[in-house]
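Following: one structure in structure tokens, then a few remarks.
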Amino acid sequence: LITFYSYLFQSFSVVLVKGNRAKKIQNDLINEKNKELEKLSLVASETANGVFITDKDGNIEWFNVGFSKLFGWPSLQEYKEKRGSNIYVVSGNDNIKSIIRNAITNRISVTYENAVKDMRNNEMWIKTTLTPVFNETGELQKMIFIETDVSELKDAKETAEQSLQIQEQFLANTSHEIRTPMNGVLG
């Protein structure tokens with residue numbers, strides 16, 4: 001009888017030790033995942049880029065502080081009430097359906113640019129990277145949109161192109177002015 005109780009106690013002790021080890025491994029894993037989530041949360045909330053997430057149907061579920069700063073919208077609720085709640089409705093890009101379809105079909109991130117208006121109706125150029133997110137079975141789960149203001153780059157590019165056109169016109173005129181008298185001299 002004592003041997004039986006001794007065996008039972010040892011078995012119970014082994015189960016407790018194994019259970020404690022499993023709990024420690026599980027807690028360590030949870031802590032590691034929580035730290036990773038904290039970092040991702042920090043990136044998403046503190047970046048200067050606008051980030052928003054939609055469900056698989058394009059319904060906007062969340063946007064970060066960067067989105068709020070970029071476009072001037074104080075809350076997701078106000079944005080939805082005044083602009084709309086679905087990417088297919090609020091996008092300033094006429095090709096948004098085909099852009100999204102391309103990203104989903106090819107399971108790739110896609111980048112596109114277009115002019116959009118902020119809360120105060122000011123036009124700005126935005127470069128957007130769309131990334132579809134799939135679940136374990138390969139079904140579309142979410143879409144993540146990261147938006148960057150490229151208005152200054154667009155303006156600089158237009159200014160550079162205008163300068164180039166002026167230079168080309170100047171060179172063409174100068175070349176013509178130099179050739180015309182020379183043709184008279186050379187006959």
Side-chain angles (χ1 to χ4, degrees), residues 21-160:
R21 283 188 194 143
K23 273 188 176 179
K24 183 178 178 348
I25 291 170
Q26 186 178 25
N27 284 339
D28 289 347
L29 185 60
I30 289 171
N31 287 336
E32 183 181 318
K33 292 295 179 185
N34 281 338
K35 286 179 184 176
E36 189 175 331
L37 284 173
E38 282 179 34
K39 290 174 188 172
L40 290 173
S41 176
L42 183 64
V43 168
S45 64
E46 296 300 323
T47 183
N49 293 324
V51 178
F52 69 95
I53 299 173
T54 71
D55 66 10
K56 65 180 181 153
D57 298 317
N59 297 308
I60 300 170
E61 297 180 333
W62 176 85
F63 66 64
N64 71 338
V65 173
F67 185 93
S68 186
K69 288 178 183 175
L70 189 61
F71 296 105
W73 295 100
S75 71
L76 179 60
Q77 186 62 32
E78 187 172 349
Y79 180 83
K80 286 180 173 183
E81 288 170 3
K82 294 186 178 170
R83 285 287 319 256
S85 61
N86 190 286
I87 186 61
Y88 295 106
V89 174
V90 302
S91 176
N93 193 306
D94 294 336
N95 299 317
I96 193 64
K97 287 182 181 177
S98 64
I99 291 169
I100 291 174
R101 186 173 35 254
N102 178 39
I104 294 169
T105 302
N106 295 308
R107 296 175 178 269
I108 57 170
S109 293
V110 294
T111 302
Y112 60 94
E113 289 183 14
N114 60 283
V116 299
K117 299 203 179 209
D118 66 9
M119 183 180 173
R120 291 174 197 83
N121 217 24
N122 298 317
E123 186 175 271
M124 54 199 310
W125 277 92
I126 298 295
K127 183 176 189 173
T128 304
T129 300
L130 157 63
T131 303
V133 178
F134 300 92
N135 63 18
E136 310 81 41
T137 61
E139 296 171 355
L140 179 66
Q141 186 176 7
K142 306 271 184 204
M143 292 184 280
I144 300 172
F145 296 78
I146 300 174
E147 302 196 319
T148 305
D149 184 357
V150 293
S151 300
E152 289 182 14
L153 292 173
K154 272 287 205 207
D155 291 344
K157 180 181 175 188
E158 287 176 16
T159 301

Under 3.5 Å, side chain of [X] to main-chain N/O of [Y], donor-acceptor pair present?
X	Y	answer
Asp55	Gly58	yes
Asp118	Glu123	no
Lys82	Gln77	no
Thr131	Ser109	no
Ser91	Tyr88	no
Asn106	Asn102	yes

Shortest non-hydrogen separation from [X] to [Y] and the atoms involved:
X	Y	answer
Val110	Ala103	CG2-CB, 3.8 Å
Glu113	Trp125	C-CZ3, 4.3 Å
Val116	Asn114	CG1-ND2, 3.1 Å
Asn93	Tyr112	ND2-CD1, 3.4 Å
Gly138	Phe134	O-CD2, 3.5 Å
Ile126	Asp149	CD1-CA, 3.8 Å

Rounded to the nearest 0.5 Å, what separation is found between the [atom1] atom of [X] and the [atom2] atom of [Y]?
X	Y	atom1	atom2	result
Asn135	Leu140	CG	CG	8.5 Å
Leu76	Glu61	CG	CD	9.5 Å
Arg120	Trp73	CZ	CH2	10.0 Å
Thr54	Met143	OG1	CE	3.5 Å

Q: Give the intermediate values and the outcome of side chain to side chain contact (heavy atoms under 4.5 Å, CB included) for residues Ile144 and Val133.
A: CA-CA 7 Å; Ile144 300 172; Val133 178; 3.7 Å; yes
Q | Under the ring pair (Phe, Tyr, Trp, His ring centres under 6.0 Å) test, residues paired with Phe52 that sit two or more places apart | A | Phe67, Phe145
Heavy-atom check, side chain of [X] versus side chain of [Y], under 4.5 Å:
X	Y	answer
Lys117	Phe71	no
Met124	Leu70	yes
Met119	Pro74	yes
Trp62	Val51	yes
Thr111	Thr128	no

Q | For Lys56, salt bridge (charged side-chain N to carboxylate O under 4.0 Å, His left out) partners two or more places apart | A | none
Q: Answer yes when Glu78 and Arg83 have at least one side-chain N-carboxylate O distance shorter than 4.0 Å, and no when they do not.
A: no
Q. Does a side chain donor of either Asn49 or Thr148 reach within less than 3.5 Å of an acceptor in the other side chain?
A. yes
(Q) Asn59 and side-chain contact (heavy atoms from CB on, under 4.5 Å): which single residue from Asn86, Val89, Ile87 fits? (A) Asn86
